[in-house]
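We count ligands from 1, going down the list as the structure has it; atoms in each ligand are counted the same way. Everything numeric in this text was worked out from a predicted model, so none of it was measured.
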Amino acid sequence: MTGRAVVVGVGHYLPSRVVPNAEFEATLDTTDEWIRSRSGIERRHFAADDETTSDLATHAARAALADAGMEAGDIDAIVLATSTADLTFPSAATMVQASLGMTRGFAFDVQAVCAGFVYALANANALILSGQAKRVLVIGAETFSRIMDWTDRSTCVLFGDGAGALVLEEQEGTGSSDDRGILATDLNSDGRHRDLLYVDGGVSTQSTGHLRMQGNQVFRHAVEKLAKTAETALGKVGLHSDDVDWIVPHQANIRIIQGTAKKMGLPMDRVVVTVQDHGNTSAASIPLALSVGKARGQLKQGDLVVTEAIGGGLAWGSVVLRW
Ligand code: UT7
């Protein structure tokens, strides 16, 4: 028998303020039509001034725990993917731990920008497979609205705030790709491309900074690398694109999502798409899409799901799991 990290609960949270594309037309040389046609985004949510990343994460975590029929005390570890933590330290994960009233176990953040949730899932899977934890809350939560340059139309119209969470639990599997749970992971980064997407500030440079992106360059890397990482992860367990029921991609741009599906030879009716409603929520986008995909009745127990993401670093990767 083989231990498997199985998804037993999922949930999400979106701040109440919804910002339609048209709102940017008042302050920027842009249009709803440009944003829709170039990115697929129609609206996004922005956190209130007093709402932090750990607040969003806590709401999503509670929803996932409720879905799993569990309480905070049942959880051994929290792995939280974010690039927009409340404070420089402690980690947002320990803040969520305290908010949930979880007084044992351990919690830490993972920072791999838009690929953060894929990295967090791979870490949580490793914790479970190594016997360090039996039940792990894996969260993606971001407040990218805090690092936007509101005068830069090429970036500020693309991002949004939100959080999503999964509960992973160790269950016995047979070792075959028919098992439920995480079947394979593939992680990559290449720091030579760090200038394509970054924040021009940080603790050691003594400022907060704003997000800077050469969007068309990132686009080019995304289309090339995402299908490849998904196929690499599938290949590790002897599976192919044909076996996939759902791609749940990072939600940055509908054209990247369509390009990746096409490269994998999969029709768009096997892709969970939420970019129109959420914009790019960085590490939160995949767990948000998993939660919305389940609520819509798209993801069903036993389905083969592939998640894939790319972002600043560049960092990219994928996770293959049976829902
Ligand atoms: O999540 C992390 C990973 N990030 C991504 O995956 C984002 C990847 N990139 C993208 O999604 C796309 O590249 C964008 C949506 C950012 C841009 O689309 P594009 O088709 O690559 O356009 P572009 O950057 O080549 O710009 C085309 C034109 C430019 O004008 P000129 O130089 O051709 O005159 C831009 O100045 O569109 C202009 N432009 C805008 N026009 C109206 C850029 N932003 C806007 C805007 N409204 N908001």
Side-chain angles (χ1 to χ4, degrees), residues 19-44 81-84 111-120 140-145 147-162 164 188-191 193-199 210-230 247-261 263 271 273-276 278-289 307-318:
V19 177
N21 292 344
E23 242 184 83
F24 293 103
E25 293 177 356
T27 53
L28 292 168
D29 181 13
T30 191
T31 59
D32 172 43
E33 153 59 21
W34 189 94
I35 301 167
R36 248 174 228 261
S37 62
R38 304 314 293 166
S39 72
I41 297 164
E42 298 173 19
R43 61 194 71 80
R44 74 288 291 137
T82 190
S83 300
T84 48
Q111 208 273 53
V113 204
C114 298
F117 194 75
V118 165
Y119 274 61
E142 302 278 17
T143 47
F144 261 50
S145 62
I147 50 168
M148 290 298 110
D149 173 351
W150 299 110
T151 65
D152 178 7
R153 67 177 183 170
S154 71
T155 53
C156 74
V157 302
L158 301 174
F159 292 87
D161 302 337
N188 310 270
S189 67
D190 187 344
H193 303 302
R194 63 194 178 282
D195 293 341
L196 298 184
L197 175 50
Y198 66 103
V199 171
H210 296 108
L211 182 144
R212 307 292 173 202
M213 178 166 72
Q214 294 179 44
N216 47 13
Q217 296 295 317
V218 178
F219 192 106
R220 196 172 54 77
H221 282 283
V223 171
E224 177 202 322
K225 293 181 165 63
L226 288 174
K228 195 161 169 230
T229 180
I247 309 178
V248 185
H250 171 48
Q251 310 281 324
N253 186 314
I254 190 68
R255 293 184 294 135
I256 295 175
I257 294 171
Q258 288 164 339
T260 305
K263 275 202 169 201
V271 185
V273 179
T274 57
V275 68
Q276 69 282 2
H278 303 162
N280 183 345
T281 57
S282 188
S285 91
I286 287 175
L288 269 165
T307 64
E308 31 86 347
I310 186 166
L314 292 174
W316 68 101
S318 64

Does the protein place any heavy atom closer than 4.0 Å to [atom]?
atom	result
atom 33 (O) of ligand 1	no
atom 26 (O) of ligand 1	no
atom 41 (N) of ligand 1	yes
atom 46 (C) of ligand 1	yes

Consider ligand 1: state whether an atom of it lies below 4.0 angstrom from any non-hydrogen atom of [X].
X	result
T155	no
M213	yes
L28	no

Check: Got a donor-acceptor contact below 3.5 angstrom from the T274 side chain to the A289 backbone?
Finding: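 Not at all, since once roles are kept as given, no pair shorter than 3.5 Å links the two residues.
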Notebook entry, point to check: Angle class for the H221/H193 ring planes (parallel below 30°, perpendicular above 60°, tilted otherwise)?
Noted result: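 Plane angle between 30° and 60°, so tilted.
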What I'd like to find out is whether the side chain of [X] reaches to under 4.5 Å of the side chain of [Y], using heavy atoms alone.
X	Y	value
I35	R44	yes
I254	Q276	no
S154	M213	no
E308	K225	no
Q217	R220	yes
V157	N21	no
V118	T307	yes
V271	P249	yes

Please identify which atoms of ligand 1 are closer than 4.0 Å to at least one heavy atom of [X].
X	result
N280	1 (O), 2 (C)
S154	43 (C), 44 (N)
A252	1 (O), 5 (C), 6 (O)
T30	42 (C), 46 (C), 47 (N), 48 (N)
H250	1 (O), 2 (C)
L158	16 (C)
I256	6 (O), 8 (C)

Looking only at protein heavy atoms, which one is nearest to [atom], and what is the separation?
atom	result
atom 8 (C) of ligand 1	G215 O, 3.5 Å
atom 44 (N) of ligand 1	W34 CH2, 3.3 Å
atom 38 (C) of ligand 1	R153 NH2, 3.7 Å
atom 18 (O) of ligand 1	R255 NH2, 3.3 Å
atom 23 (P) of ligand 1	N216 ND2, 4.3 Å
atom 2 (C) of ligand 1	C114 SG, 3.2 Å
atom 11 (O) of ligand 1	N253 ND2, 2.6 Å
atom 20 (O) of ligand 1	R38 NH2, 2.7 Å

Next item on the list: Might you point out which heavy atoms bring S39 and L158 nearest each other, and give the distance in Å?
Entry: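 Looks like CB-CD2, 3.9 Å.
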Notebook entry, point to check: How close do A315 and A115 get, heavy atom to heavy atom, and via which atoms?
Noted result: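 It is O-CB, 3.4 Å.
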Notebook entry, point to check: Do D149 and R212 sit within salt-bridge range, that is, some charged N less than 4.0 Å from a carboxylate O?
Noted result: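 The answer is yes: the pair qualifies as a salt bridge.
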Checklist line | Identified side chain to side chain contact (heavy atoms under 4.5 Å, CB included) counterpart of F144 within the set T281, N280, L211 | finding: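 Passing option: L211.
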Item checked: Proximity winner for atom 5 (C) of ligand 1, if only heavy atoms of I35, T31, V218 are counted ->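 Ranked by closest heavy atom to atom 5 (C) of ligand 1, first place is V218.
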